[in-house]
Amino acid sequence: MVRVTALSSPFLLGFDDIERALDKVSKSAADGYPPYNIERIAAAGAEPEKLRITLAVAGFSRDQIDVTVEENQLTIRGRQQDDKAREYLHRGIAARQFQRSFLLAEGMQVLGADLARGLLSIDLARPHPERIVRKIEIATRN
């Protein structure tokens, strides 16, 4: 069976990676935990425009969260373990794990991460692509 996509136009050459990225994102978007916001922070002075991802990670400490970037994919993992020394009469807050991934555009830079009041904020710099115009010489054949 042949799969037809929006990127299968003969005028769109070399967009295979984008198609794979869209497939990957659509599969990982189903899980809603932890909830998150993405905001745009306007450029200020010499600082470029930034994007900030904020995840609600109440109950997680800094050493229980890993933030990694590999091949343009930002991955945030949280791991909590049960405290065996506690005896619960009611347990409504479960120790749980999560993994949330974001696919980053080529050239996006992770500036840093901050954990405060149960919110993990990750700042990203949006690159300003350099506009390059290159003239292609035309060869003459006999």
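Throughout, residue positions are numbered sequentially from 1 according to the sequence presented. As the structure is a prediction and not an experimental result, all values here were calculated from the model.
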(Q) Rounded at 0.5 Å granularity, tell me how far CG in Leu55 sits from OH in Tyr36. (A) 8.5 Å

(Q) If you count heavy atoms of other groups shown closer than 6.0 angstrom to CZ of Arg86, is the number above 12? (A) no

Q. So, does Arg52 use its side chain to make a donor-acceptor pair with the main chain of Ile38 at under 3.5 Å?
A. no

Q | Pairwise distance CZ(Arg96) to CD1(Ile93) - rounded to 0.5 angstrom | A | 12.0 Å

Q. Would you say Gln64's side chain and Ser61's backbone share a donor-acceptor pair under 3.5 angstrom?
A. yes

**Q.** Beyond-backbone contact of Leu124 with Leu111, side-chain heavy atoms, under 4.5 angstrom
**A.** no

Q.
A side-chain contact here means heavy atoms from C-beta on lying under 4.5 Å apart; do Ile122 and Leu51 qualify?
A. no

Q. Can you check whether Thr75 reaches Glu70 side chain to side chain, under 4.5 Å on heavy atoms?
A. no

**Q.** Flag for Gln97-Arg79: side-chain donor and acceptor within less than 3.5 Å
**A.** no

Q | Inter-residue atom distance Ser101.OG - Leu74.CG, 0.5 Å rounding | A | 7.5 Å

(Q) Are the side chains of Thr54 and Glu39 in contact, using a 4.5 Å heavy-atom criterion? (A) yes

Q. With a 4.5 Å limit on heavy-atom distance, are the side chains of Gln73 and Phe102 in contact?
A. no

**Q.** Test item: Arg126 and Gln109 side chains (from C-beta on) under 4.5 Å apart, heavy atoms
**A.** no

Q.
According to a hydrophobic-cluster definition based on side-chain heavy atoms being under 4.5 Å apart (Ile, Leu, Val, Met, Phe, Trp, Tyr only), do Ile41 and Leu120 belong together?
A. no

Q. Is Phe98 close to Ile76 at the side-chain level, that is, under 4.5 Å between some pair of heavy atoms?
A. yes

Q) Does Glu106 reach the side chain of Asn72, with side-chain heavy atoms less than 4.5 Å apart? A) yes

Q.
Run Val57 and Leu115 through side chain to side chain contact (heavy atoms under 4.5 Å, CB included) and show every step you take.
A. CA-CA 9 Å; Val57 293; Leu115 179 63; 3.6 Å; yes

